[in-house]
Participant: 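Structure below; questions to follow.
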Number of protein chains: 2
Amino acid sequence: MRRPSARVNAALAALDRAELRKTPQRIAVVHALVDDTSHPTAQQIFDRLRRQMPTMSFATVYNTLAALERAGVCRSLRLSHDDSARFDPMVEPHDHAVCDRCGRVLDVPRARERAEIQEFRVRAVERVYRGECQQCQSIGGS
Amino acid sequence: MRRPSARVNAALAALDRAELRKTPQRIAVVHALVDDTSHPTAQQIFDRLRRQMPTMSFATVYNTLAALERAGVCRSLRLSHDDSARFDPMVEPHDHAVCDRCGRVLDVPRARERAEIQEFRVRAVERVYRGECQQCQSIGGS
DNA sequence: ATGATGGTTTAGAATCATTCTTGGTTACAA
DNA sequence: TTGTAACCAAGAATGATTCTAAACCATCAT
Ligand SMILES: [Mn+2]
Ligand SMILES: [Mn+2]
Ligand SMILES: [Zn+2]
Ligand SMILES: [Zn+2]
């Protein structure tokens with residue numbers, strides 16, 4: 001049992017804020033995810049956790065990741081057509097570089113321009129704007 | 001039977017180039033998709049086509065869309081977590097604005113900057129770079 | 001014509017990620 | 001203690017997509 005990292009503490013505090021109980025399952029998922037920059041899938045997280053916690057259910061991994069996402073501790077990404085959802089503990093806005101060949105997902109800080117991604121040979125860029133269309137703005141609401 | 005549009009002709013020529021037969025099913029899918037800016041799902045295309053061609057199978061819609069994508073006539077988009085794949089007849093590079101509320105998908109030409117999307121209230125931008133990571137570059141290959 | 005070949009379609013089964021359901025467990029308060 | 005609500009495990013269900021097997025159809029050689 002090592003001293004919990006700053007990120008782990010921040011994540012557990014966010015659970016508190018969201019009024020979610022700090023159960024052993026959730027704490028385990030937080031530990032598995034919070035310092036992982038590889039953007040793992042739910043399956044990969046499940047595979048890691050079942051060693052330490054063999055009773056953990058796959059559904060609990062999904063439920064917990066959804067809870068953590070609601071609490072602002074992580075976010076989920078759908079980056080490719082075939083691939084399944086990936087989970088990202090870095091919630092500050094940033095972009096991603098996806099390798100065509102090995103599927104690796106790299107973080108790209110917003111500061112960098114496309115041409116400055118040194119290590120990555122860029123073939124194409126995709127941009128998605130999220131927000132409200134004109135029709136929905138005029139309807140109003142929350 | 002109206003005079004085929006320029007886009008339809010271009011799409012059928014692309015089928016030729018890709019050495020894919022111009023079957024009635026493929027021609028029907030081309031007609032249904034090629035002037036549609038709404039980024040429809042496979043289900044929506046299937047629903048439209050079954051009126052004119054009641055024997056058309058859902059699998060054929062998927063197969064045909066995959067063939068058209070290989071031929072460079074359209075591309076498929078996975079824009080939201082819950083939603084299914086959407087198909088886009090505009091193959092020139094461009095971006096997309098997705099409405100949080102109604103799910104509408106709007107085209108955003110590359111010329112425009114984020115702030116210039118007049119009709120759309122932008123909440124967030126997501127960028128994905130596609131290409132080759134450093135490891136895969138050093139391995140080399142095709 | 002006849003038959004072989006190969007691409008295409010159909011219908012339904014299979015797959016696979018994700019979500020749902022059910023019944024039991026835990027935390028915690030009255 | 002008893003009650004209540006959150007939580008979890010296990011497996012079933014869902015839904016999009018892909019696969020399979022058999023039928024279909026155009027083309028080509030006999
Ligand atoms: Mn990331
Ligand atoms: Mn588009
Ligand atoms: Zn790579
Ligand atoms: Zn809208």
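Keep in mind that what you see is a predicted model, and the values were worked out from it rather than measured. The basis for the numbers below is simple: all heavy atoms, side chains too, and nothing from hydrogens, waters or symmetry mates. Protein chains get the first letters and strands the later ones, always in sequence-line order, with residue 1 at the start of each.
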Participant: With a 4.5 Å cut-off on side-chain heavy atoms, are D95(A) and V128(B) touching?
Facilitator: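 V128(B) vs D95(A): side chains apart.
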Participant: Could you state the CG-P distance from L49(A) to dC8(D), rounded to the nearest angstrom?
Facilitator: 12 Å
Participant: Quick one: how far along DNA chain C does chain A reach, first to last nucleotide 5' to 3', anything under 4.0 Å to a heavy atom?
Facilitator: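 Contact boundaries, 5' end first: dA17(C) to dA27(C).
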Participant: Any side-chain N or O of T60(A) less than 4.0 Å from the OP1 or OP2 oxygen of dA9(D)?
Facilitator: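 It does, given that an N or O in the side chain of T60(A) lies less than 4.0 Å from OP1 or OP2 of dA9(D).
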Participant: Which of these passes side-chain hydrogen bond (donor to acceptor under 3.5 Å, both in side chains) with D47(B): R51(B), Q43(B), Q44(B)?
Facilitator: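 Between D47(B) and the candidates, side-chain hydrogen bond (donor to acceptor under 3.5 Å, both in side chains) is satisfied uniquely by Q43(B).
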Participant: H81(A) has an atom NE2; how far is it from atom C1' of dT18(D), in whole Å?
Facilitator: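 The answer, rounded to whole Å, is 15 Å.
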Participant: In chain order, what residues pass the ring-ring contact (aromatic ring centres under 6.0 Å, His included) check against Y62(A), with sequence neighbours excluded?
Facilitator: F58(A)
Participant: Is D100(A) salt-bridged to R121(A), going by a charged N under 4.0 Å from an acidic O?
Facilitator: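 Not counted as a salt bridge, because no side-chain N and carboxylate O are separated by less than 4.0 Å.
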Participant: Would you give a per-nucleotide map of nucleotides 10-17 of chain D, 5' to 3', where B means the base has a protein non-hydrogen atom under 4.0 Å away, S means only the sugar-phosphate does, and - means neither?
Facilitator: BB----SB
Participant: Do any pairs count as a side chain to side chain donor-acceptor pair (under 3.5 Å) and have a residue in residues 16-27 of chain B, sequence neighbours left out, and if so which ones?
Facilitator: D16(B)-K22(B)
Participant: So do L68(B) and V29(B) actually touch side chain to side chain, heavy atoms under 4.5 Å?
Facilitator: yes
Participant: Between the protein and nucleotides 4-6 of chain D, list the N/O to N/O atom pairs that are separated by less than 3.5 angstrom.
Facilitator:
from, atom 1, to, atom 2, distance (Å)
dA6(D), O4', R21(A), NH2, 3.3

Participant: Should V73(B) and P89(B) count as side-chain neighbours, where that means a heavy-atom distance under 4.5 Å?
Facilitator: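 Of all side-chain heavy-atom pairs linking P89(B) with V73(B), none is under 4.5 Å.
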Participant: Is there a salt bridge (charged side-chain N to carboxylate O under 4.0 Å, His left out) between R127(B) and E126(A)? Walk through the geometry before answering.
Facilitator: CA-CA 6 Å; R127(B) 257 173 293 248; E126(A) 295 164 13; over 6 Å; no
Participant: Which pairs count as side chain to side chain donor-acceptor pair (under 3.5 Å) when at least one residue sits in residues 74-83 of chain A, sequence neighbours excluded?
Facilitator: E69(A)-S76(A), R75(A)-H94(A), S76(A)-H81(B), S80(A)-D82(A), H81(A)-S76(B), D83(A)-R86(A)
